[in-house]
Every structure is written in C-alpha cells, then in structure tokens.
Amino acid sequence: MDEREGSRLLTEEFVRAGYDVQADVAMTVGSATIHLDGWDANKRVGFEFVTDEAGDRAEFDATVLNELEAMIGRGECHVLLVDEHEGLAEPELRRVAQRFLAEVAKRPLR
Amino acid sequence: MSRTYNVREFLQAAGAQRQEMTRALSTAEHARRRHYAERGGLEQSAQQADIDLGRALLPDVSSAAVERAVTLTGYTPLRDMSGTLEAERAQLSATVARLEADPRFRDRELLRHPRTGTLSTQIAQLQDMRATLTPTLEACDHSRMATLLENGYGTPDYRVGFWRLSYYRDWEAADEIVARMKKASFAEVIPEFTRARDAAGELESELSRLASEVQAGEALEQEHRAASEGLASLESRYLEHAQRLLVKHLLEADKTRTGALLDREPNVRLLALKSQATRSKLEYLDGLHKEKVETFAAQTKVALDKLDRDVAKYQRPKNAYAQFPSESFERRFRDPRERYQKHWDRYNTTYQTIYVYEDYDRGRWVSDFLWWDAMTHGMDGGYIPSVHYHHDHYGTTDYSSGRDDRDDDLAEAAAATATLEVEHSATESASSTFDPS
C-alpha cells in the first residue's frame with residue numbers, strides 16, 4: 001500500500017468520524033517543522049502514513065518522533081502513526097483507524 | 001560396342017540391392033540379440049566354473065586344506081590368511097565381550113523394552129505429562145505471543161502508545177489468545193502460559209536426554225549385532241575370498257610352473273581348464289560378434305546410405321538420360337545374396353563351434369596352448385587380439401590332429417546352425433573382412 005492509498009483510506013475513516021481533515025499540513029514539533037498527511041487543526045487530531053517514497057523517514061526521525069509522542073502524552077494533540085513497513089492491508093488499516101479514533105474520544109485534549 | 005544401362009535399369013537394380021542390404025541388416029540385428037542372450041548364460045557358466053574351481057582348490061580353511069592349495073597353485077600368500085583370520089576373530093570377539101559387559105547393552109531389555117523398560121516407561125510418563133500442557137501451549141501458540149509478553153501486555157508495564165499500529169496489533173492478538181484460553185483477560189493468561197511453557201521446557205529437556213540414552217543403547221545393540229554376524233560369517237568370508245584369490249592367481253600365473261603343480265590332481269586341473277576355457281569362449285564370441293556382426297552392419301549401413309544418395313541423384317530430371325557402362329554397373333549390382341549367405345554361414349558355424357565346445361579335457365595347462373585352436377581347429381581368428389598375439393608368437397596348432405575319432409565338433413556345429421533362424425547352407429573359412437558393398 002503506497003502513501004496515497006493509505007492516506008486516502010485514513011482520510012475516509014477520519015471524515016466519517018466527523019473530522020475535517022486537511023492534507024499535507026505543516027506542524028511545529030520542538031524545533032522542527034513536519035508535514036502531516038492528514039490534520040484537523042481545530043480538533044488537533046491527525047495521522048501520518050510514513051513511507052520511503054515520500055521521504056518521511058528524514059522528516060520523522062527519532063528526535064521528532066520522541067517529541068511528537070511527548071506532545072501526545074501531554075494531551076496537546078493526537079496523531080496516528082502508521083509505517084508502510086508494517087505491512088497493512090485495507091481492512092486492518094480501517095479497523096486501526098476506527099479503534100484509534102475511539103481511543104481519542106476517550107482522551108480529551110487539554 | 002559394349003552395352004550400357006539407362007537410369008530406369010539403374011533404379012531397378014538399386015531397388016533390388018537395397019532390399020538385400022535391408023534383409024542383411026535385419027539378419028545382423030537378429031544375430032546381435034541372440035549373442036547378448038547367449039553370452040548372459042555363458043557369463044553365469046564362467047562364474048560357476050570359477051566357484052567350482054575355487055571350492056576344489058580350497059574346500060575349507062583348515063591348515064591342511066591351505067597347505068594343499070598352496071602346493072597345487074604355488075600361491076604362498078594364502079598361508080597368511082590364517083593369521084589375518086585369527087586377528088579379525090580376536091578383534092570381533094573383544095568387541096562382543098566389551099559390549100556384553102556394558103550395562104547399556106547388558107541391561108537392554110530392562111532399559112529399553114518397549115513396554116516394561118525403565119527408559120521406555122519414563123519416556124511414556126513424561127510424554128503423558130507433556131500432553132496435559134498441550135492445550136494451553138496450543139491456545140497460546142500465536143506469532144505475537146512473545147511480543148506481548150516482552151512488552152508486558154496486560155500489565156501496568158505496557159508502554160506502547162495508542163497512536164502506534166503495534167498497539168492495535170497487540171490488542172487483537174491478545175483478544176484472540178484470551179478467547180482461546182477462555183479467560184477474562186490477558187493478565188489471567190500470563191501465569192498459566194508461563195507455568196506450562198516452563199514445565200514443557202523441562203520435560204522436553206528430560207525427554208531429549210532419555211532419547212539420547214536410548215539411541216546410544218541401540219547403537220551398541222547394532223554394533224553387537226554386526227560383530228556377532230562378523231564372527232559367524234568369518235570363516236566363510238575368508239574361505240570365499242581365498243577361493244577367488246586362488247582362482248585369479250591360477251588363471252594369471254605362469255602356466256609352466258602352475259601346470260606342474262596341478263599335475264598332482266588331474267580333477268582340479270580339469271576344473272581349471274574348464275574355467276579358463278569358459279572365459280575364453282566369452283572373449284572369442286565377443287570378438288567374433290564384433291567383427292562379423294557389428295562391423296558388417298556398420299559397413300552395410302554405409303553402403304546403403306551411398307546407394308540411397310545415388311538413387312536420389314539419378315531421379316533428378318537433369319540425370320534422366322544418364323548412361324552406365326556395363327562393366328561397372330554389373331560389378332556394382334552383382335547379386336549379393338550368395339556373399340551374404342556365405343558370411344552368415346561362416347559366422348554361425350564358428351559361433352556354434354565355440355559355443356557348444358565342452359571338451360575341456362583336451363586342453364593343456366601350458367603357456368603355448370590356445371583354446372581357440374582347440375575349439376576351431378585353427379580357424380582364422382586374427383580379429384581377436386589374444387588369438388592374433390598367440391598365432392604371431394606360437395603359430396597355429398590343430399589340436400585335433402591324430403584324434404579324428406573324437407573330433408567332430410565342426411560337423412556337429414554345422415548341423416546345429418541349420419536349426420537357426422538365419423538360413424544358411426555352405427561353409428567356407430574366410431580370412432578377410434567381409435565387404436558388403
């Protein structure tokens with residue numbers, strides 16, 4: 001599954017759950033700026049489908065990921081991180097997105 | 001002005017000749033099959049003759065029998081056999097004794113009897129215990145089980161963030177295992193699984209140790225069986241080996257020397273002559289077949305191919321009016337049937353003469369004796385290397401001279417060949433390779 005297809009499926013699930021998802025949105029994480037594949041700026045919920053093709057690994061390096069996870073841990077945002085290397089098929093990706101959004105619903109942001 | 005032949009006559013004569021060549025090839029193929037069938041029987045006879053000779057030379061391995069064999073053949077290395085045999089007997093006996101003193105072999109029934117052996121019983125008990133753990137281990141047999149335990153899933157130590165895919169994969173895997181185990185949560189699965197896993201590990205280790213013990217014991221049983229069989233067959237093995245060596249020595253050694261030794265026992269000498277003659281028959285029949293069947297067939301095929309090429313050539317319109325001088329035409333298309341007939345007659349007569357020969361008592365155990373001359377009364381056999389060599393060095397000898405009252409082999413063989421499928425009537429000795437073209 002390539003980035004376009006993964007992003008399309010995730011966008012569908014996020015929109016179905018009531019999120020207003022915009023593509024390729026810039027976000028500041030620590031001292032770095034990253035670009036998320038999907039992001040609802042009002043609800044501060046989004047996703048990133050990490051692929052080699054899009055050059056995501058340079059952008060989402062260990063420092064950025066640690067900082068992003070710290071932000072999620074502090075309740076500043078919620079971002080679903082999916083790596084293409086994890087070998088997802090469509091049904092599982094949709095199910096993961098639905099479960100993630102259910103978790104988000106249980107964890108209001110500060 | 002001499003007569004010439006036209007193309008129509010050429011094609012007609014070629015057709016007739018082709019028919020005769022094809023028939024000759026068919027006869028050659030029949031002779032080939034017959035030879036290979038008959039040589040199979042002769043090979044068996046040769047082996048049996050060797051066995052009979054070996055047994056006559058050395059009936060047993062006693063010292064007296066060995067001395068007699070040495071006296072008859074001059075094969076002195078045979079005297080060493082006894083020492084070698086006793087050394088092997090001592091070695092095998094020591095192996096048997098060592099194994100029989102080894103508790104792993106001595107108590108084999110006690111240890112490894114399938115139902116009552118202590119090792120067998122222990123293995124069965126451990127396998128039963130392992131079987132009780134199987135349901136738990138099978139229920140937890142999931143590709144993600146190790147990851148779940150490592151990450152502390154189901155415990156406060158689980159730290160995988162819900163924004164990561166592995167969080168959901170862990171979740172699904174754990175749900176599946178919990179359902180299979182019929183538990184309320186993964187936390188309940190963990191202690192039951194780890195107990196079963198650890199117990200199974202200990203059982204496997206013990207089972208592996210016991211299996212090695214059984215395997216080692218069985219290897220000793222196998223070693224004991226081999227040593228016992230070696231002891232039981234010791235004398236017969238040495239005897240057969242010695243008999244083969246004696247026969248080989250006798251057939252290959254200088255006959256001037258062994259001939260004098262064999263004179264002590266004419267019956268043994270007769271068996272030696274039979275063995276030698278039977279081997280010679282095989283060699284002669286192979287040589288005869290090669291020269292008179294294989295070479296003949298190869299030459300006939302070459303001639304046939306040439307004939308076919310010429311036929312194709314003169315069937316072309318541009319050659320329609322070719323003329324052939326009578327001398328070369330008639331020479332080429334002379335009726336070959338009589339020549340073929342003579343060829344097969346000679347072949348069959350010689351073959352049968354050798355094949356049916358059984359007058360082994362006419363042989364002599366000397367260097368300048370040639371079975372070919374005794375069997376064929378000096379026919380040409382120059383195409384057989386050993387015959388060629390012998391005739392070159394010793395000349396040809398007709399061993400039937402002065403013994404006409406006993407020698408009617410050729411006549412008998414000629415009569416026998418009349419029954420063969422290959423039809424023939426005349427006999428004529430030939431000294432040159434038959435040219436079928």
Side-chain angles (χ1 to χ4, degrees), chain A residues 1 6 9-10 13-14 27 29 34 36-39 44-51 56 60 62 64-109, chain B residues 133-201 204:
Chain A
M1 187 183 293
L9 292 172
L10 289 170
E13 291 301 323
F14 274 60
M27 179 184 184
V29 176
I34 60 170
L36 292 174
D37 292 332
W39 177 248
R44 284 181 286 149
V45 173
F47 61 83
E48 174 61 27
F49 196 86
V50 182
T51 64
D56 295 332
F60 287 81
V64 168
L65 281 175
N66 285 339
E67 182 57 33
L68 183 58
E69 289 192 337
M71 288 169 68
I72 297 169
R74 290 193 297 271
E76 294 170 14
C77 63
H78 289 315
V79 178
L80 174 62
L81 297 170
V82 178
D83 193 314
E84 66 172 346
H85 289 165
E86 291 173 302
L88 279 165
E90 179 180 339
E92 191 186 6
L93 184 58
R94 286 189 187 280
R95 201 164 60 245
V96 166
Q98 289 158 12
R99 287 189 165 182
F100 168 76
L101 293 172
E103 287 292 311
V104 166
K106 289 190 280 185
R107 302 161 194 257
L109 296 172
Chain B
L133 306 172
T134 305
T136 301
L137 295 174
E138 282 182 356
C140 296
D141 183 19
H142 192 288
S143 60
R144 216 167 172 83
M145 185 65 182
T147 308
L148 293 175
L149 292 173
E150 192 181 324
N151 291 344
Y153 191 89
T155 73
D157 296 334
Y158 188 66
R159 290 281 181 267
V160 178
F162 74 95
W163 53 89
R164 287 192 171 273
L165 176 65
S166 58
Y167 177 87
Y168 299 96
R169 286 191 162 166
D170 288 349
W171 182 356
E172 289 192 355
D175 281 359
E176 201 179 318
I177 294 165
V178 167
R180 284 193 217 152
M181 289 285 284
K182 297 184 173 58
K183 299 289 181 190
S185 69
F186 193 74
E188 288 180 23
V189 171
I190 295 170
E192 193 167 326
F193 169 73
T194 49
R195 267 197 307 274
R197 181 194 59 192
D198 295 347
E204 283 299 338

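Keep in mind that this is a model prediction, so the values were computed, not measured. In what follows, chains carry the letters A, B, and so on, assigned in the order in which the sequence lines appear, proteins first and then strands, with residues in each chain numbered from 1.
In this structure, the portions of A/L88 lying under 4.5 Å from any heavy atom of chain B include both its backbone and its side chain. Contacts between A/V96 and chain B at a heavy-atom distance below 4.5 Å involve backbone atoms as well as side-chain atoms.
Here the CD atom belonging to A/E92 is positioned 6.0 Å from the CD atom belonging to B/E172, to the nearest 0.5 angstrom.
Just one residue in the list A/E48, A/E69, A/H78 forms a side-chain contact (heavy atoms from CB on, under 4.5 Å) with B/W163, and that residue is A/E69.
Between B/Y168 and A/F100, the ring-plane angle classifies as perpendicular under the 30° and 60° cut-offs.
Ranking A/I72, A/V82, A/L93, A/D83 against chain B, the residue ahead of the rest is A/I72, based on heavy-atom pairs under 4.5 Å.
A salt bridge between A/E86 and B/R169 is absent, with no side-chain N of the basic residue lying under 4.0 Å from a carboxylate O of the acidic one.
Side chains of A/V104 and B/F162 form a contact here, defined as non-hydrogen atoms less than 4.5 Å apart.
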